[in-house]
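Every chain is numbered from 1, with letters handed out A, B, ... down the list of sequences.
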Amino acid sequence: EDQVTQSPEALRLQEGESSSLNCSYTVSGLRGLFWYRQDPGKGPEFLFTLYSAGEEKEKERLKATLTKKESFLHITAPKPEDSATYLCAVQAADNTGKLIFGQGTTLQVKP
Amino acid sequence: NAGVMQNPRHLVRRRGQEARLRCSPMKGHSHVYWYRQLPEEGLKFMVYLQKENIIDESGMPKERFSAEFPKEGPSILRIQQVVRGDSAAYFCASSDGSGPLEAFFGQGTRLTVV
């Protein structure tokens, strides 16, 4: 069964304290792995798509990496405005397009 | 460039009533996906539609729930005879369907059943 597990569930950082969020996945052939950011009361906001092991993508203080079993979202020198829930999702190669989401990591960055 | 539009943003229904949630995809997108986010749970896939076709409804409850995406107009998620357990945030996403999926989400409809 296709599955996505994110850790930790919650993470509290001081402003400027870099860290990483983990997304472990089991999928019958990976078509794509996706990272989203979700603020309270809002819809998920697309961040990155990764397609193959070894791929990396960056956007401002965020960097996403991918291996055959997991993805990391690295946050460098975070700011309070980076506080949000970060969602990881996968699309299996043999499905029609649906995304399977993890439970998310809720990040709080204190000034 | 208008994003995915969902309405209403908030919907309150009494038990036994019907709820209709609407989703207008991004311009140029012909693929629509509905997800449900229960309190303290992750996003769960419900249904995938293209214009006038249901492609995958494997995540839809067998009873009371239906979805459509007509040739003209928004996609509709319909919940008949709502129960308290239907209270959740319902999100719609759309894509152009080309290559690996990159879906853009709307702001959601928060359904409360009283």
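Residues A:Tyr36 and B:Met46 fall into different hydrophobic clusters, defined by Ile, Leu, Val, Met, Phe, Trp and Tyr side chains chained together at heavy-atom separations under 4.5 Å. If you chain together hydrophobic residues whose side chains sit under 4.5 Å apart, B:Val47 and B:Leu38 never meet in one group. A:Leu73 and A:Val27 fall within a single hydrophobic cluster, where Ile, Leu, Val, Met, Phe, Trp and Tyr side chains are chained together by heavy-atom contacts under 4.5 Å. B:Met5 and B:Leu21 end up in different hydrophobic clusters when Ile, Leu, Val, Met, Phe, Trp and Tyr side chains are linked at under 4.5 Å. Follow the hydrophobic side-chain contacts under 4.5 Å out from B:Ile76 and you never reach B:Met26; the two are in separate clusters.
Annotation: residues 106-113 of chain B contacts chain A through B:Gly106, B:Gln107, B:Arg110 [non-hydrogen atoms, separation under 4.5 Å]. Using non-hydrogen atoms only and a strict 4.5 Å limit, no part of residues 13-23 of chain A faces chain B.
Other residues, nucleotides and ligands contribute more than 12 heavy atoms inside 6.0 Å of the CZ atom of A:Arg61. By the neighbour-count criterion of 12 heavy atoms within 6.0 Å, atom NZ of B:Lys51 is densely surrounded, having more than that number from other residues, nucleotides or ligands. Few gaps surround CD on B:Glu18; more than 12 heavy atoms of other groups in view lie less than 6.0 Å from it. Taking a 6.0 Å sphere around NZ of A:Lys110, one finds it holds 12 or fewer heavy atoms contributed by other residues, nucleotides or ligands. More than 12 heavy atoms of other residues, nucleotides or ligands sit less than 6.0 Å from atom CD of A:Glu81.
When the side-chain hydrogen bond (donor to acceptor under 3.5 Å, both in side chains) test is applied to A:Arg12, the partners found at least two apart in sequence or on another chain are A:Gln108. Residues meeting the ring pair (Phe, Tyr, Trp, His ring centres under 6.0 Å) test with B:Phe104, sequence neighbours left out: A:Phe46.
In this structure, chain B has no heavy atom under 4.5 Å from any part of A:Glu45. With a 4.5 Å cut-off on non-hydrogen atoms, B:Gln37 touches chain A through its side chain but not through its backbone.
Counting all heavy atoms, side chain and backbone alike, A:Lys98 lies closest to B:Tyr33 at N-CE2, 4.5 Å.
A heavy-atom distance below 4.5 Å is found between the side chains of A:Phe101 and B:Tyr35.
Taking CZ of B:Phe45 as the start and CD of A:Gln91 as the end, the distance is 10.5 Å to the nearest 0.5 Å. Distance check: B:Phe105 CZ to A:Leu87 CG gives 8.5 Å after rounding to the nearest 0.5 Å.
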**OP:** Could you check A:Gln38 against B:Phe91 for side-chain contact (heavy atoms from CB on, under 4.5 Å), going step by step and ending with a plain yes or no?
**Re:** CA-CA 12 Å; A:Gln38 187 175 25; B:Phe91 291 97; 3.5 Å; yes

